Amino acid sequence: MQKREPLTAFLFLTPALLLVGVFGVLPILHSVFLSLFRWSLKPGPFLGLGNYEEIFGSLWSLAWVAGLAALVVFAFRGTRSSRAAVRWAGRLTLAATLGGLFVLLGVSWADGDSDFFRSLVVTFWFVLGTVPFQMLFGLVLALGLDAKFQGKKALRSLFLVPYVVPVVASAGVFDLLFSLRPESMANQILHGVGMAPAQWLREPRGLFQLAGLSPGPDPWLALWTSGPSLALVCILIFNVWIYSGYYALIFSNGLAAIPREVYEAAKLDGVGGGRLLFRIILPLLSPTSYFLALLGVISTFKAFTSVFILRDAAVGGATDPTSVYIFFTFFRGLRYGYAAALAFVLFLLVLGLTLVQRRILERRVFYG
Amino acid sequence: MDDRAVRWRRAPGEWFLRVGFLTAAAFVAVVPLLWMVANALKSGGETITRASANPFDPLFWPTTPLWTNFVQVWLDDDFGSYFVHSALIAGVTTAGVLLTSILAAYAFARLRFPGRETIFSGLLATLMIPEVVTVLPNFLVVSALGWVDTLAGLTVPFMAGAFSIFLLRQFIRQIPETLFDAAQIDGASHLRTTFSLVVPLTRGPLFTIAFLEVTASWNSLQWPLLVAQTPRWRPLSVGLARFLSGVGPQIELRMAASLIALVPIVLFFLMAQRQIHETLMKSGLQE
């Protein structure tokens with residue numbers, strides 16, 4: 001019996017690992033292979049790094065970006081050093097290389113695939129405009145639910161309904177709630193507070209720009225300083241609406257795992273209110289928050305359906321995060337080799353971000 | 001828990017604040033869907049003349065509910081067969097996931113073999129891979145296999161997932177050792193143990209995985225847009241997306257069609273939710 005365990009394990013694991021391998025892991029290698037060709041519907045000629053050259057504008061930019069990215073990783077490790085001098089050198093190098101990388105990406109944006117680099121900016125706003133809000137609302141809802149009262153179960157279920165409903169269907173509703181008509185829900189709310197109707201999903205201008213702030217003369221910098229387009233903000237609101245209840249569910253589980261003795265001890269010591277929340281509950285919840293932050297950032301790179309339904313051709317891609325941009329590159333553009341190159345660049349970016357995020361957040365997680 | 005309940009009874013003001021806030025939040029969660037229901041039942045003219053953002057305003061609702069919108073949508077497009085396709089795709093995918101996951105989770109939780117922890121962490125790492133990276137190569141593979149516009153193409157790539165294996169493994173590890181010893185003394189094989197001991201004891205998590213898989217499959221859009229190109233296996237998500245982009249500005253028809261796609265999955269959720277909450281509470285996900 002004992003001797004046959006590895007064989008049994010092999011047989012039990014084969015179906016799952018085969019499927020995950022073929023459809024989950026192999027595609028990454030397959031992408032690298034495809035990205036070296038001009039491949040549009042049918043296999044085409046070998047291009048080498050030609051597709052990457054097109055993305056970054058020139059092979060020089062590509063080499064610089066790769067070099068600086070490596071330097072960022074190196075400097076980041078330096079900031080973790082136990083020696084103060086190395087930490088400071090690391091911090092300075094990190095600031096310098098990140099600044100350099102920003103300028104360099106501006107050059108690539110100008111010379112290379114500007115739509116791709118803009119989609120990265122959109123993705124950045126996507127993360128910033130959804131994850132913190134979902135976490136905040138989820139936490140507040142979970143804290144609200146963390147008591148005994150009538151109707152708790154019904155409320156808890158209602159919060160999850162937006163997460164369960166098919167995104168295609170609920171996006172159809174938000175499309176109309178944010179419609180241009182003066183009687184749409186969003187415009188009525190604006191009317192209620194005495195403001196003129198807005199263009200919502202058809203507004204390519206940035207939020208800060210609409211608020212009257214000048215984005216500055218440099219076009220690459222302006223892409224950031226004008227803020228997320230109002231059209232994108234509508235999509236972000238929709239995403240926060242979908243996920244807040246789900247985050248509340250996960251936070252509820254985290255709260256339920258805090259032992260009752262902790263509350264009793266806090267009460268005996270006269271600790272309550274804000275101090276109980278910030279000094280005791282939040283640190284004890286940090287593994288849950290860590291899990292949700294990681295999950296949130298990753299799922300941003302998967303965001304597809306909400307944008308696909310709510311995007312308006314009139315805003316010229318101002319709402320498209322990288323996932324959607326890549327999809328259209330091969331779905332409508334039929335440029336398979338090029339899309340594969342974009343996808344591989346995105347993969348490396350996600351990989352890097354995940355590692356950095358883990359390093360940064362892990363230190364703040366309290367595992368009791 | 002009791003202790004905290006007592007505290008609320010002593011502070012009715014705080015209780016009021018709490019329930020009031022939660023009710024307001026639930027209101028925000030549900031209003032867009034109420035709006036969907038209300039407008040699915042209006043006439044074309046009423047969607048414009050009777051408009052309100054407030055469900056307590058009679059203008060939010062139709063004067064008389066117009067059920068014929070559903071009939072019109074149902075006849076305009078082939079929603080009946082989209083339904084059947086979506087149900088079959090969800091059912092087959094879910095059955096596949098449950099089978100591959102329970103076997104793999106049993107191996108990871110109960111069997112000793114070289115490289116167990118390494119393989120498991122490798123499996124978990126696949127959760128980090130964005131779908132857009134895998135979707136194009138997978139489409140080429142599925143095309144090469146001749147699976148475009150087939151049930152296999154729509155289901156097989158999703159028949160295994162790291163998350164469900166992870167969740168089941170957590171639960172199998174919580175099953176007392178003595179039960180496995182007893183099974184071994186009775187001479188049960190690992191396969192037998194899996195299906196007659198582990199499966200009955202992990203009904204809750206299996207059910208939760210089934211629910212998550214059915215929902216994910218029912219709601220997925222990106223992959224079926226590529227693989228279900230003809231009406232032959234077109235699922236509801238793609239059918240609805242096409243309907244919405246083709247129907248024009250008729251709000252009542254858009255909302256009626258969306259409601260049709262939403263009702264089965266919401267009913268399923270309301271039936272399943274108690275079990276799901278229970279499972280996630282016990283899953284140890286917070287650790």
Side-chain angles (χ1 to χ4, degrees), chain A residues 5-6 8-9 12-13 15-16 19-20 23-25 27-28 30-31 141 144 147-149 155 157-159 161-162 164-170 172-174 176-177 183 185 188-189 245 253-254 256-257 287-288 298 301-302 304-305 308-309 323 326-327 330 336 339-340 343 346-347 350 354, chain B residues 1 3-5 8 15 18-19 21-22 25-26 29-30 32 35-36 48 51 53 100-101 103-104 106-107 111-113 123 126 128-134 136-138 157 159-160 162 165 190 215 218-219 221-222 237 240-241 244 251 254 258 261-262 265-266 269 273 280-281 285-287:
Chain A
E5 264 187 30
T8 316
F12 275 30
L13 287 175
L19 285 169
V20 172
F23 295 106
V25 181
I28 298 167
H30 195 167
S31 282
L141 290 177
K148 274 189 181 168
F149 56 88
L155 282 171
S157 304
L158 285 181
F159 294 147
V161 167
V164 173
V165 164
V167 178
V168 180
S170 52
V173 178
F174 274 76
L176 296 171
L177 297 184
E183 69 274 3
M185 196 182 269
Q188 285 207 342
I189 291 170
N253 295 338
T288 310
I298 294 164
F301 290 97
K302 297 180 179 170
F304 175 79
T305 310
F308 184 83
I309 303 291
S323 53
I326 296 176
F327 182 78
F330 71 81
Y336 290 178
L346 179 71
F347 171 71
V350 175
T354 313
Chain B
M1 207 54 141
D3 174 47
R4 272 177 276 170
W8 303 127
W15 178 89
R18 177 183 294 258
V19 175
F21 163 74
L22 291 175
V30 175
W35 196 87
M36 176 193 279
I48 294 159
T100 62
S101 305
L103 289 174
Y106 181 85
L111 299 175
R112 268 155 303 176
F113 56 93
L123 187 68
T126 62
M128 309 282 166
I129 301 170
E131 197 188 352
V132 70
V133 177
T134 57
L136 169 62
N138 282 346
M159 281 191 186
I165 296 173
H190 287 296
T215 318
W218 190 275
N219 297 349
L221 181 67
Q222 188 169 358
S237 55
L240 178 61
L244 290 180
I251 293 177
R254 289 171 154 265
S258 301
L262 167 158
I265 207 80
V266 170
F269 167 67
Q273 45 133 337
L280 290 177
M281 284 289 181
L285 258 187
Q286 60 274 4
E287 274 156 24

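On a predicted model such as this, the values are computed, not experimentally measured, just so you know. Residue numbering restarts at 1 for every chain, and letters A, B, ... go by the order of the sequence lines.
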Q: What part of B:Ile165 gets closer than 4.5 Å to chain A, counting heavy atoms only: side chain, backbone, both or neither?
A: side chain

Q: Would you mind telling me which of B:Leu244, B:Ile251, B:Val266, B:Val30 has the largest number of heavy-atom pairs within less than 4.5 Å of chain A?
A: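 Most heavy-atom pairs under 4.5 Å with chain A: B:Ile251.
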
Q: Which atoms of B:Thr126 come close to chain A, meaning under 4.5 Å heavy atom to heavy atom: side chain ones, backbone ones, both, or neither?
A: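 Only the side chain of B:Thr126 comes within 4.5 Å of chain A.
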
Q: Is A:Leu141 in contact with chain B via its backbone, its side chain, both, or neither, using a 4.5 Å heavy-atom distance?
A: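 It is both, since atoms from each part get that close.
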
Q: Counting only non-hydrogen atoms closer than 4.5 Å, does B:Leu22 touch chain A with its backbone (N, CA, C, O), its side chain (CB onward), both, or neither?
A: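 When you check distances to chain A, atoms from both the backbone and side chain of B:Leu22 fall under 4.5 Å.
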
Q: How many angstroms lie between OG1 in A:Thr354 and CE in B:Met128, if you round to the nearest 0.5 Å?
A: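 Rounded to the nearest 0.5 Å, the OG1-CE separation comes out at 6.0 Å.
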
Q: How far does CZ of B:Arg112 sit from OG1 of A:Thr8, to the nearest 0.5 angstrom?
A: 11.5 Å

Q: Of all of A:Ser323, A:Gly245, A:Pro15, which one pairs up most often with chain B through heavy atoms under 4.5 Å apart?
A: A:Ser323

Q: Heavy-atom pairs under 4.5 Å with chain B - which of A:Ala343, A:Ser170, A:Gly172, A:Ala169 has more of them than the others?
A: A:Ala169

Q: List the steps, then state whether side chain to side chain contact (heavy atoms under 4.5 Å, CB included) holds for B:Met36 with B:Leu262.
A: CA-CA 10 Å; B:Met36 176 193 279; B:Leu262 167 158; 3.6 Å; yes

Q: Please classify the contact between A:Phe330 and chain B as side chain, backbone, both or neither, with a heavy-atom cut-off of under 4.5 Å.
A: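 For A:Phe330, the contact with chain B is made by the side chain alone.
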
Q: Among the options B:Ala29, B:Ala107, B:Ala51, B:Ala25, pick out the one with the most heavy-atom pairs lying under 4.5 Å from chain A.
A: B:Ala29

Q: Measuring from B:Tyr106:OH to A:Phe12:CZ, what's the distance to the nearest 0.5 Å?
A: 6.5 Å

Q: How long is the span from the CG atom in A:Leu177 to the CH2 atom in B:Trp35, to the nearest 0.5 Å?
A: 5.5 Å

Q: Tell me, out of B:Thr215, B:Asn219, B:Ile129, who's got the most heavy-atom pairs with chain A below 4.5 Å.
A: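 Of the candidates given, the most pairs with chain A belong to B:Asn219.
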
Q: Any non-hydrogen side-chain atom of A:Val167 less than 4.5 Å from a side-chain atom of B:Leu221?
A: no

Q: Between A:Leu346 and B:Val132, is a side chain to side chain contact (heavy atoms under 4.5 Å, CB included) present by the stated rule, with each step listed?
A: CA-CA 9 Å; A:Leu346 179 71; B:Val132 70; 3.4 Å; yes

Q: Can you tell me how far CZ of B:Arg18 sits from CZ of A:Phe149, rounded to the nearest 0.5 angstrom?
A: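 Reported to 0.5 Å precision, the distance equals 6.5 Å.
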
Q: Tell me which of these, A:Val350, A:Leu176, A:Val25, has more heavy-atom pairs under 4.5 Å with chain B than the rest.
A: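 The residue among A:Val350, A:Leu176, A:Val25 with the greatest pair count is A:Leu176.
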
Q: Go through B:Phe21, B:Phe113, B:Phe269 and name the one with the most non-hydrogen pairs under 4.5 angstrom from chain A.
A: B:Phe269

Q: Looking only at heavy atoms and a cut-off of under 4.5 Å, which of B:Pro157, B:Ala104, B:Pro130, B:Ser258 has the most pairs with chain A?
A: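 Highest number of heavy-atom pairs under 4.5 Å: B:Pro157.
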
Q: Hey, could you give me the CG/NE2 distance between B:Asn138 and A:His30, rounded to the nearest 0.5 Å?
A: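 B:Asn138 atom CG to A:His30 atom NE2 measures 9.0 Å (nearest 0.5 Å).
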
Q: Side chain from CB out, backbone as N, CA, C, O: work out which of these in A:Phe308 comes under 4.5 Å of a heavy atom of chain B, or both, or neither.
A: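 Answer is side chain: those atoms of A:Phe308 sit under 4.5 Å from chain B.
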
Q: Non-hydrogen atoms of chain A under 4.5 Å away: do they reach the side chain of B:Gln222, the backbone, both or neither?
A: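 Both backbone and side chain.
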
Q: Taking the side chain as everything from C-beta on, heavy atoms only, tell me whether A:Pro166 gets closer than 4.5 Å to B:Ile265.
A: yes

